Amino acid sequence: MRRVACGLVFGVLAAPGTVRARETVEPTADGPAPRGRETSLRPLFGAELAVAIFGSGGEFARSLRGGLSLGMASTRLGFELSALVTTFRSEAVPSEAEEWLVTLDLGVKGHLTLLGGRARTALGLGPSFLLRGADADELTNAPGLFLDIRPLGVRFPLGARTALVLDPLGALIVAPRLSATPLVDVQFNTTFSVEVLP
Amino acid sequence: MRASRALSLPLGVLVWCAAPAPAEAYQIGSSVTSPCHEEMTLGSLVLVMDEGATLPLVTPPPSDEWLGIAESLLVPLAEEHPEFEVFLDEGRLEFLAMSLVLGARVPDTAGRASTSANALRRVHLDVSPDGQHRHCLRAPEDDGASADLVALDGARGVIAERIEHALVAFDEVERAPFFVDHHGDVQVPVSVFGLSLGTALHTLEDAHAHTIRTVDGRVVLSVLNFSEAAVGELDQARDGLAHSVALDDCRAPEVRPLVEIAVERGAALIRAALEAREGDGALLQRGLSDCDADTADATCGWFEYEASCREAVESADELEGTCCATDSDLCGSEWLPIAREALSEPLVSCAYGAPREGGQLWLAVLAGVLVAAFARRRRAVAHRHACAGAVALCLAAWALRSEAAERPSPSTDHPPGELSLALEAHGSLLSDESGGSLTDVTFGPGLRGQMRLPGDPRLSWVLHVEQNSWMAFEQEAHLRPGVLSLGTGVSFDLAPQLSTSFVVGSSILLFDTALASAGSAGFFVDLRPLTIALPVAKNWFVGVTPLGISWEAPVLVEPMISLVHYRLTLGIAWNSSRP
C-alpha cells in the first residue's frame, strides 16, 4: 500500500507540465477566461467531503467519505489523483450488529466543466483497500476497486483561483472485496468539494 | 459513447458481484437458483404423511398474514410437484409446511433476502465451527486426519440441538423474519416445531452435498471445505477437499441418487422427532449413530464415517492408505469426479451456487440490466430519516437558490404562463440499502407539465404523472406493474439550463402482492436536485436528471410498502415560448 501511495505522489510530481490544452477561450461564470492563462493546464488541488444523507434503508448518514486530490486542469477538463477514506455502515446478519467498515480508495478522477463553468460532471475509478472489515475479511488482503460517478454538480467560483462544487447526488460503488463472498457497497452521496488552482 | 462503454465493464463486474451469492449448500429457491432445500424438505414430509404418521399440527394465528406468504412459497412448488398440493388443502398443514420451508432456508439466508449480499456475508463467511458444521462442512480449524470426524460430530450436534429446541416448544407459535418482495423483511408467524425441524433438515440435507461418499451414498469418505477454498487458502492435505458447486445442484441427474437418500433420511429425521416428542429418543439416537453391520437403511448412519478410516484415525491419527486420504481417488468413489467438475475457488464472478438451467443467462441479464429485489426495514426510522434527508436536500436547494438569486435573472425571457410539456422515461438500477439487495430495477414512463408562475419567472408549477414498474426477484423473477403516481410541486431555475424540482402526491398500487391488494393508495415524493436542459430544436429540449430520488409508499399499513429509488430520468420537452 505504501508503494501505491508513493507511486501516486510520484505520478503527480512527474506529470508532464508542458502539455497544453487547446487554445480556446472558454466562458466562465464570471465571463470569458483570459486568453493564454486559463486555457493551459494548471496544477489543481482539491479537497472533498461526502455524506450519504439518508440511505434508502432508512439509515441517516450511513457513509462518510473525505480526502484530497491533486492534478492538472484546464477550464474544461481536469485529471486528478485522489486519496480518499470512506467509512460506511454495514449491517451483518444474523446478529444484525452494525459494523463501520473503512476503505482507502486511491484513484484517478476526471472531470468536465459544463455550462461555462457553472456545472461539472466527474468520474473517479481506482483500487479500494479494506482498512477495517468484518472478522472474516482478515482471511484475504486482495484489493478491490471503486467507481465514483458524479453526473452533475454545481460550481460556485469563490474568487479567481478557488471554487466550491456541490454534487447534490452522486453514485459511489465501493467494492474492497471481489473474491470469496464479495463486499460491494453502493452509496448515493452528497459531495462538497473545494478546488484550488494555485 | 466511448465513456459509456468504458463504464459498462466495471459496472457489469460490480453488479455481477452484487447478484445473489448463493449459499454454500444445496440451493434455496430464488430466480437464479433451484429450490433444492424446499423440495427436499417437503419431499421428506410427504413420505412421512404417506405412512400415516400423526403430525403435530398447530393452529395458525387467525390473521391472513401468514397465509399470503405460505401460498407465495408453496404454490409454485406445488405447481412443479403435484404431491405437494396436499399442503394447500388444510390450514394447519399448510402452516407446518410453510414453517418447515422457512426453517430449511434460514441457515442460508437468516431470513433475509437472498439478494442481500452484504447483509449475508456474515452468514456465508461465518468461519466458526458452528457456522460451518451446520452446513456439514469443515471449519478452518478442522485440520488433519481427524477433521472429518470433528465436522461430522459437529453436524450431529447441530441436529440434536435443533430437535431439542423443536420439542421444548413444539406447540408454540413465534415470529421469524422472512423477506417478501416489495414489502421487505416481514416477521411471519411460524410453528416453532416446524422452523426448528426445518433447520435440522437443512443440515442433514447438506451432509449429502458436502461430503464425498461411498458408491451407495450412505457412508462418508471425506467432508468438504468451503471457508478456505473460497478465499484461496485451501491446502488439500491439511484442509481437505474443496467444496463442490456441482454437488449442490440437486436437479443435476448425476447427483439425484444422493438427493433421494437425503430425502429418505429427512423423512427418518421427521419420524425420529415425532417419536422423541412422545418421549422416545431411540430413533434420533439411531439416526445419529452408525448403522449396524446387518442393517443399513435410512434410519441410521446419517453421518457415518467409513469404518476403516475411523479406525485409522482413532488408532494412529493417520489416513494414509485408507479410502479417505484426500490425495487418493477415495477408493473410486463415483462422486469425486462429479465434485471435481466445479470446485469452489475464489472467483471474481462471485457466484458459488450453480444456477439452474438458464440461470447463467439470467445472471448475465442481471449483470446487464441489474435485476433487483428490495428490502425494507425499520420503516418508522426510515421515514424519520428520510424526512431529515429531504430537509437537508431542501436546505441545499435553498442554498443554491440563494446563490442563484445573486446572479442576473436568467429567466427574463420567460413570461408568466409559459408552458412546457415533457414526455419522460425513468429508471433506477442500484440500491444503497446496507441490509438489502444492491440492485433495484424499476422503470417506467412519465408525463410532466409545467407552467411558469407570475412573480418570480424562475418558478414553475409542476403537474406530474408516472407509472413505475418493479422487478421482483426473491422467489422468481417477475416484472410487476408497480405503481401509478400523480403529484404536483414546483420547479426552480437555478441558472440557464439548470433547474431543481420537488413534487409530492399520491401513489397507487397496481397489482396484488403477497400481503397487499391492488388499489391501495399512499404517497409519492419526487426530488430532482439538478436537471439539465439541452436544446435540440426550436422549442424542443432534452431534459436529463442524472440522479433524482423517488419515494413511493402505496401501502401505509403494516407490512408497508415504502420504496426509495435513485433514478435517472430522461425526457423530451416542448416549450411554448423558449427560443
Side-chain angles (χ1 to χ4, degrees), chain A residues 29 52-63 88-98 114-115 118-119 121 123 125 134-137 139-140 142 144-145 147 149-154 156 166-173 175 177-188 190, chain B residues 3 10-11 13-14 17-18 21 110 112 117-127 230-233 346-348 350 375-379 381-383 385-386 388-389 392-393 396 400 403 430-436 438 440 494-498 529-530 532 546-549 564-566:
Chain A
I53 295 175
F54 69 95
S56 54
E59 308 97 334
F60 188 69
R62 68 168 288 258
S63 86
F88 55 96
R89 196 158 36 183
S90 181
E91 187 180 4
V93 292
S95 68
E96 298 199 358
E98 286 187 337
L114 307 169
L115 301 181
R118 289 188 301 276
T121 183
L123 177 72
L125 180 70
D135 296 342
D137 288 318
L139 285 170
T140 177
L145 57 92
L147 179 66
I149 305 167
R150 297 184 208 165
L152 197 55
V154 186
F156 305 105
L166 169 63
D167 291 286
L169 266 182
L172 172 69
I173 303 169
R177 286 279 179 272
L178 288 173
S179 60
T181 300
L183 172 58
V184 182
D185 196 68
V186 176
Q187 300 164 20
F188 291 94
T190 300
Chain B
L11 264 178
V13 169
L14 286 167
C17 292
R112 305 294 290 277
N118 284 350
L120 297 177
R121 292 183 80 240
R122 272 295 179 86
V123 174
H124 297 290
L125 288 177
D126 181 359
V127 294
V231 294
E233 297 193 352
L347 294 173
V348 174
C350 317
R376 298 270 67 74
R377 302 189 72 244
R378 296 175 306 191
R379 290 186 179 80
V381 179
H383 294 167
H385 289 169
L393 280 174
L400 289 174
E403 195 279 337
L430 297 171
S431 164
D432 68 341
E433 189 176 20
S434 67
L438 297 179
D440 173 36
L494 298 164
Q497 298 179 252
L498 276 183
L530 277 180
I532 187 167
L547 266 176
I549 300 174
V564 175
H565 312 291
Y566 294 92

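In what follows, chains carry the letters A, B, and so on, assigned in the order in which the sequence lines appear, proteins first and then strands, with residues in each chain numbered from 1. In this text the structure is predicted, and so the values were computed from the model without any measurement.
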Results of ring-ring contact (aromatic ring centres under 6.0 Å, His included) for A:Phe88 - residues two or more places apart only: none

Minimum-distance pair of heavy atoms, taken over all atoms of A:Arg118 and B:Pro496: NH2-O, 3.8 Å

Inter-residue atom distance A:Leu114.CG - B:Ile532.CD1, 0.5 Å rounding: 5.5 Å

Closest non-hydrogen atom pair, B:Leu547 against A:Ala171: CD1-N, 3.7 Å

Interatomic spacing from CG in B:Leu430 to CG in A:Asp185 - rounded to 0.5 Å: 11.0 Å

Smallest separation among heavy atoms of A:Ala119 and B:Leu498, with atom names: CB-CD1, 4.2 Å

Smallest separation among heavy atoms of A:Leu169 and B:Pro529, with atom names: CD1-CG, 4.1 Å

Heavy-atom proximity to chain B below 4.5 Å, by part of A:Ala52: neither

Minimum heavy-atom distance B:Pro546-A:Leu152, with the two atoms named: CG-CB, 3.8 Å

